[in-house]
Student: 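Here it is, the structure, as structure tokens.
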Amino acid sequence: MPFRLFLASQSPRRAELLRQLGVAFEPITVDVPEQRQPGEPPEDYVSRVAREKAGAGLLQVAAVDGAVVLGADTEVVLGDEVFGKPADAEAAAAMLRRLAGRTHRVVSTLWCVSAAREEHAQCVSTVEFAPLDEAAIAAYVATGEPFGKAGAYAIQGRAAAFIRRLDGSYSGVMGLPLCETAHLLRRFDAA
């Protein structure tokens with residue numbers, strides 16, 4: 001049976017990355033609370049949210065023959081602390097101050113689900129930030145780029161100048177690790 005792939009995300013970055021794989025898909029909007037449970041390990045949290053996004057998407061398209069839904073979540077993790085999206089300029093600056101001159105992890109998890117099965121993959125990248133002074137932080141926050149981004153930065157934007165070292169997946173830090181996505185879709189027989 002032919003499949004129809006749906007991306008449970010309105011992220012333009014995820015859609016752009018998925019298009020790079022040459023896979024036909026349709027984006028769908030899902031509303032999943034991104035709230036970490038007490039004591040929940042960061043990797044488990046990211047996986048749970050990605051799975052819930054895929055499941056919520058599948059509920060929307062369950063009547064579509066061959067529907068396969070890809071859900072993803074990406075979070076910045078410093079130690080055991082998960083940095084979500086900043087609520088405002090003050091929160092963005094605070095996150096960037098904490099990340100400056102330090103190494104953090106970026107955890108990206110993917111879930112692919114259909115009515116009959118589910119598969120997942122996870123990618124963890126390590127990112128080292130250069131030291132940042134208050135002027136650099138303020139100038140970056142003023143661009144508006146940190147908003148809507150986990151950890152208050154976009155590796156594909158002006159924040160690339162902050163990154164001293166990356167060990168892992170550039171596309172994973174953007175929000176959709178392409179190598180893992182391609183392998184997951186092949187395992188799922190959706191590509």
Side-chain angles (χ1 to χ4, degrees), residues 7-9 11-21 23 30 32-55 57 69-86 91-92 94-113 118-132 145-146 148-157 159-188 190-191:
L7 175 63
S9 175
S11 165
R13 292 168 304 285
R14 282 198 181 109
E16 173 188 333
L17 288 165
L18 192 53
R19 277 193 286 276
Q20 287 183 30
L21 294 179
V23 177
V30 294
V32 170
E34 295 185 27
Q35 184 68 41
R36 188 176 171 199
Q37 301 300 318
E40 186 175 29
E43 286 81 359
D44 292 354
Y45 163 66
V46 177
S47 182
R48 179 176 56 79
V49 170
R51 173 63 185 88
E52 288 175 0
K53 289 177 181 179
V69 180
L70 178 65
D73 192 46
T74 299
E75 298 291 348
V76 168
V77 180
L78 182 63
D80 188 52
E81 187 176 356
V82 175
F83 286 44
K85 299 173 183 102
M95 287 182 189
L96 293 166
R97 278 187 209 100
R98 300 268 322 279
L99 297 174
R102 299 178 77 181
T103 299
H104 63 273
R105 293 175 293 144
V106 178
V107 179
S108 286
T109 303
L110 312 160
W111 277 89
C112 212
V113 302
E118 53 184 48
E119 296 271 345
H120 75 282
Q122 188 167 78
C123 171
V124 180
S125 301
T126 304
V127 179
E128 180 186 346
F129 262 36
L132 301 173
E145 192 175 272
K149 315 285 190 308
Y153 75 92
I155 193 171
Q156 72 277 17
F162 304 159
I163 297 170
R164 181 179 276 166
R165 180 177 167 83
L166 167 65
D167 183 14
S169 170
Y170 179 85
S171 59
V173 176
M174 280 180 67
L176 191 73
L178 291 181
C179 182
E180 289 80 358
T181 302
H183 284 108
L184 179 63
L185 292 175
R186 277 197 298 276
R187 281 198 332 258
F188 207 86

Student: Quick one: pull up CG in L184 and SG in C123 and give me the separation to the nearest 0.5 Å.
Tutor: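 SG of C123 is found 12.5 Å from CG of L184.
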Student: Is a donor on one side and an acceptor on the other found under 3.5 Å between the side chain of T109 and the backbone of A50?
Tutor: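 It does not hold such a pair.
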Student: Using a 3.5 Å distance criterion without hydrogens, assess whether the side chain of S125 forms a donor-acceptor pair with backbone atoms of S169.
Tutor: yes
Student: With sequence neighbours excluded, what pairs up with E81 under the side chain to side chain donor-acceptor pair (under 3.5 Å) test?
Tutor: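 Listed in chain order: R98.
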Student: Are any of the side-chain nitrogens in E119 or R186 under 4.0 Å away from the carboxylate oxygens of its partner?
Tutor: no
Student: Can you give me the closest heavy-atom contact between P146 and A92, atom names plus distance?
Tutor: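 Between these two residues, the closest heavy atoms are CB-CB, 4.0 Å.
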Student: Using every non-hydrogen atom in the two residues, find where S171 and P177 come nearest and quote the distance to one decimal.
Tutor: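 Closest approach of S171 to P177: OG-CA, 3.5 Å.
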Student: About how many Å separate CG of L110 and CG of L176, when rounded to the nearest 0.5 Å?
Tutor: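 Going from CG on L176 over to CG on L110, the span is 5.5 Å.
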Student: Hey, does the side chain of R187 reach the backbone of H120 with a donor-acceptor pair shorter than 3.5 angstrom?
Tutor: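 Answer holds: yes.
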Student: Rounded at 0.5 Å granularity, tell me how far CG in L70 sits from CG in L185.
Tutor: 6.0 Å
Student: Taking the side chain as every heavy atom from C-beta outward, state whether Y153 and V173 have any atom pair closer than 4.5 Å.
Tutor: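 When only atoms from C-beta onward are counted, V173 and Y153 do touch, with a gap below 4.5 Å.
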Student: Side chains of V106 and I155, heavy atoms from C-beta outward: is any pair under 4.5 Å?
Tutor: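 No - every pair of side-chain heavy atoms lies 4.5 Å or more apart.
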Student: Can any side-chain N or O of R105 pair as donor or acceptor with the backbone N or O of G79 at less than 3.5 Å?
Tutor: yes
Student: Any idea which heavy atoms bring Q122 and E180 closest together, and the distance?
Tutor: O-CG, 4.3 Å
Student: So, do V113 and R51 sit near enough that their side-chain heavy atoms are less than 4.5 Å apart?
Tutor: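 They are in side-chain contact.
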Student: Considering all heavy atoms of both residues, which atom of V107 and which atom of V46 are nearest to each other, and what is their separation?
Tutor: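 Looks like O-CG1, 3.7 Å.
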Student: For F129 and L96, which heavy atoms make the closest approach, and how far apart are they?
Tutor: CE2-CD2, 4.1 Å
Student: Find the distance between CD1 (I163) and OH (Y170) and round it off to the nearest 0.5 Å.
Tutor: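 With rounding to 0.5 Å, CD1 (I163) is 8.0 Å from OH (Y170).
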Student: Mind listing the closest non-hydrogen atom pair of R14 and S9 along with its distance?
Tutor: NH1-OG, 3.6 Å
Student: Tell me, please, which residues at least two apart from F83 pass ring-ring contact (aromatic ring centres under 6.0 Å, His included).
Tutor: none
Student: In chain order, what residues pass the salt bridge (Lys or Arg N to Asp or Glu O under 4.0 Å) check against R164, with sequence neighbours excluded?
Tutor: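 Checked R164 against salt bridge (Lys or Arg N to Asp or Glu O under 4.0 Å); matches are E128.
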Student: When rounded to the nearest 0.5 angstrom, what distance separates CD in Q37 from OH in Y45?
Tutor: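 If we round to the nearest 0.5 Å, Q37:CD and Y45:OH are 9.5 Å apart.
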Student: Below 4.0 angstrom, N of the basic side chain to O of the carboxylate: do E75 and R36 qualify?
Tutor: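 Salt bridge flag = no for R36 with E75.
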Student: Going from CD on Q156 to CE on M174, what distance comes out if it is rounded to the nearest 0.5 angstrom?
Tutor: 4.0 Å
Student: Is any side-chain heavy atom of E34 less than 4.5 Å from a side-chain heavy atom of K53?
Tutor: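 Yes. Closest side-chain heavy atoms under 4.5 Å.
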Student: Should S47 and W111 count as side-chain neighbours, where that means a heavy-atom distance under 4.5 Å?
Tutor: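 The answer is yes, as the side chains (C-beta and beyond) meet within the 4.5 Å cut-off.
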